[in-house]
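Every value quoted in this text rests on a predicted model; they were computed, and no experiment measured them. Proteins get letters first, then strands, A, B, ... in listed order; numbering begins at 1 in each.
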Protein chains: 2
Amino acid sequence: MNNPIYYAVVEGGGTKFNCAIVDEQRNIHVSHRISTTTPQETIALVCDFFIQQRDLGFTFEKLGLACFGPLDLNRGSKTFGCITATPKPNWSHYFIVEHIKTELNCHVELETDVNAAALAEYRWGASQNTSVSIYITIGTGLGGGVIINGKPLHGLIHPEIGHTLIPPPEGIEGVCPFHGNCVEGLASGTAMSKIWQQPAETLADDHIAWDIQAQVIAKLCHNLFVNFSPERIILGGGVMNKPNLLEKVRDYTEVSLADYLALPEGVRLEDLMSMPGLGENSGLFGALALVLQE
Amino acid sequence: MNNPIYYAVVEGGGTKFNCAIVDEQRNIHVSHRISTTTPQETIALVCDFFIQQRDLGFTFEKLGLACFGPLDLNRGSKTFGCITATPKPNWSHYFIVEHIKTELNCHVELETDVNAAALAEYRWGASQNTSVSIYITIGTGLGGGVIINGKPLHGLIHPEIGHTLIPPPEGIEGVCPFHGNCVEGLASGTAMSKIWQQPAETLADDHIAWDIQAQVIAKLCHNLFVNFSPERIILGGGVMNKPNLLEKVRDYTEVSLADYLALPEGVRLEDLMSMPGLGENSGLFGALALVLQE
């Protein structure tokens, strides 16, 4: 039997870079986590890992990179393939694609982590056969990617859904340094920890924080429904693993939309909102979807 | 010289139906306004008008209909071409396409009024050569259409951007019967008249209402920028004709986004927001764009 065609995939986040060698059938042959430090150090370790894998026989010609943003994804731009202005120290204006390409001598496909995850869910996960779908991740940060007719939405730059404004819950002050009460400032894991002055994961199941969290995410979902008219909103990320949180978000979204949307016969709002079909792997498989997409 | 090819176009609104015979070059050969009453009466008058025009030599085979919603635009649906659940008396579940088609024996292309206007602006107006553009109308109601890669956004139904939630301005209560503080409930002409207890058009230029109006629309624009990453937001409709309102909206949008967006070099946020390029005719020419699009 022939060897499968291997692909190098990277999910680049603010905390860690997940690297793996995968094949078209989404078998993960080897994987490795690298802490996110400076871009020079991090990318050197990423490239070292893949050079080792090549030496071990995992040859590849394409690397998919699902990366935190903001990114310059405009092929006509002088700074294409660059991380643009980010508050993350040292990463602003780093030519991530160029560096990896030079080091590994391979083709690199870049996309935002959330657009890539949305693409993977569209291809293999919870939003197959939709014309419009959205993937939201609620973890350390809060962001979203959008797939329209099978393609990630870019526009001028790319969506920054975490910075959507909503009516804030009474008595709560959001902590986004740019916008205060945007959803990232109210509902990311980091925001929850600051607002409630304890790590989000230590908040008891019956803490009021979870009810407020559900209301905030529901208002985001309300806005996504009336803006994009999606056939699926996927809610992923560590924070969404809280038991019953999805159900609460569904309930509050129903309350918020107040039967305004004239849904097609047989469609229930709650069925349009789900967890990822690919579990923790939406981002990594998103990087694979990028290189398979062309 | 041959006669041009004529098209029948209709912009159907809650107050009036604008009907016209136009050609591909956007010459309006004849036009007529019909008050919106019951669907039976209104559509009978619309059809009478076009039958008369045919008798006068304006033969046409296609009619473009840019109509208020919500609409069923799903070609696979049993209720395709139907106005769905609307609070407008008598119009719910009216098969508008079917009625016009039968009466005039012609092909009918249907789209929401705002998606059609967005399409006309994309084709001939202020959002030419964009990959993502949005047309917002602020008049009696407040709504928006979205064009992505030359096509109106539908998804499950179609966008209902007027029902976007935003943090409400202090001391103001929105009047949307479904959502209270959605932008339609805060900033449509009807909402302004209710909130300030006088017709919006009689509010003096220096009334605080206009400053608050600009803040509300700016927050909508903030959300549209971070959701869609549009290359152009067009702000149309009667309310936007207020002198200096666009400038104020631009200023407040800059303040709200707080330099978060990493805009491409040379792009200024204010240049991404403008009035319609087609003036009052975005909707009518949108109906033309529909029949030319196929």
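In this structure, chain B has a heavy atom under 4.5 Å from the side chain of A:L153, while its backbone stays farther away. The contact between B:L272 and chain A is made entirely by side chain atoms (from C-beta outward), counting heavy-atom distances below 4.5 Å. Only the backbone of B:P230 comes within contact range of chain A, with at least one heavy atom under 4.5 Å from a heavy atom of that chain.
Nearest heavy atom pair, residue A:V132 against residue B:G155, reads CG2-CA, 3.5 Å.
If you take CD1 on A:I157 and CG on B:L261, they are separated by 5.0 Å, rounding to the nearest 0.5 Å.
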May I have the step-by-step check of side chain to side chain contact (heavy atoms under 4.5 Å, CB included) for B:L156 and A:L263, ending in yes or no?
CA-CA 8 Å; B:L156 186 66; A:L263 297 179; 3.7 Å; yes

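Heavy-atom pairs under 4.5 Å with chain A peak, among B:G162, B:G69, B:P159, at B:P159. Chain B forms more heavy-atom pairs under 4.5 Å with one residue of A:V146, A:I148, A:L224, A:I166 than with any other, namely A:I166.
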Atom pairs, donor to acceptor, chain A/chain B, distance under 3.5 Å:
{"from": "A:H154", "atom 1": "O", "to": "B:S229", "atom 2": "OG", "distance (Å)": "3.3"}
{"from": "A:L156", "atom 1": "N", "to": "B:S229", "atom 2": "O", "distance (Å)": "2.7"}
{"from": "A:L156", "atom 1": "N", "to": "B:S229", "atom 2": "OG", "distance (Å)": "3.4"}
{"from": "A:I157", "atom 1": "N", "to": "B:S229", "atom 2": "OG", "distance (Å)": "2.8"}
{"from": "A:H158", "atom 1": "N", "to": "B:S229", "atom 2": "OG", "distance (Å)": "3.3"}
{"from": "A:E160", "atom 1": "N", "to": "B:V226", "atom 2": "O", "distance (Å)": "2.7"}
{"from": "A:E160", "atom 1": "OE1", "to": "B:Y260", "atom 2": "OH", "distance (Å)": "3.1"}
{"from": "A:I161", "atom 1": "N", "to": "B:V226", "atom 2": "O", "distance (Å)": "3.4"}
{"from": "A:H163", "atom 1": "O", "to": "B:H222", "atom 2": "NE2", "distance (Å)": "2.8"}
{"from": "A:H163", "atom 1": "NE2", "to": "B:Y260", "atom 2": "OH", "distance (Å)": "3.2"}
{"from": "A:T164", "atom 1": "OG1", "to": "B:N227", "atom 2": "ND2", "distance (Å)": "3.1"}
{"from": "A:L165", "atom 1": "N", "to": "B:N223", "atom 2": "OD1", "distance (Å)": "2.6"}
{"from": "A:L165", "atom 1": "O", "to": "B:N223", "atom 2": "ND2", "distance (Å)": "3.0"}
{"from": "A:H179", "atom 1": "NE2", "to": "B:L257", "atom 2": "O", "distance (Å)": "2.9"}
{"from": "A:H222", "atom 1": "NE2", "to": "B:H163", "atom 2": "O", "distance (Å)": "2.8"}
{"from": "A:N223", "atom 1": "OD1", "to": "B:L165", "atom 2": "N", "distance (Å)": "2.6"}
{"from": "A:N223", "atom 1": "ND2", "to": "B:L165", "atom 2": "O", "distance (Å)": "3.0"}
{"from": "A:V226", "atom 1": "O", "to": "B:E160", "atom 2": "N", "distance (Å)": "2.7"}
{"from": "A:V226", "atom 1": "O", "to": "B:I161", "atom 2": "N", "distance (Å)": "3.4"}
{"from": "A:N227", "atom 1": "ND2", "to": "B:T164", "atom 2": "OG1", "distance (Å)": "3.1"}
{"from": "A:S229", "atom 1": "O", "to": "B:L156", "atom 2": "N", "distance (Å)": "2.7"}
{"from": "A:S229", "atom 1": "OG", "to": "B:H154", "atom 2": "O", "distance (Å)": "3.3"}
{"from": "A:S229", "atom 1": "OG", "to": "B:L156", "atom 2": "N", "distance (Å)": "3.4"}
{"from": "A:S229", "atom 1": "OG", "to": "B:I157", "atom 2": "N", "distance (Å)": "2.8"}
{"from": "A:S229", "atom 1": "OG", "to": "B:H158", "atom 2": "N", "distance (Å)": "3.3"}
{"from": "A:L257", "atom 1": "O", "to": "B:H179", "atom 2": "NE2", "distance (Å)": "3.0"}
{"from": "A:Y260", "atom 1": "OH", "to": "B:E160", "atom 2": "OE1", "distance (Å)": "3.1"}
{"from": "A:Y260", "atom 1": "OH", "to": "B:H163", "atom 2": "NE2", "distance (Å)": "3.2"}

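B:F225 meets the ring-ring contact (aromatic ring centres under 6.0 Å, His included) test with no other residue; sequence neighbours excluded.
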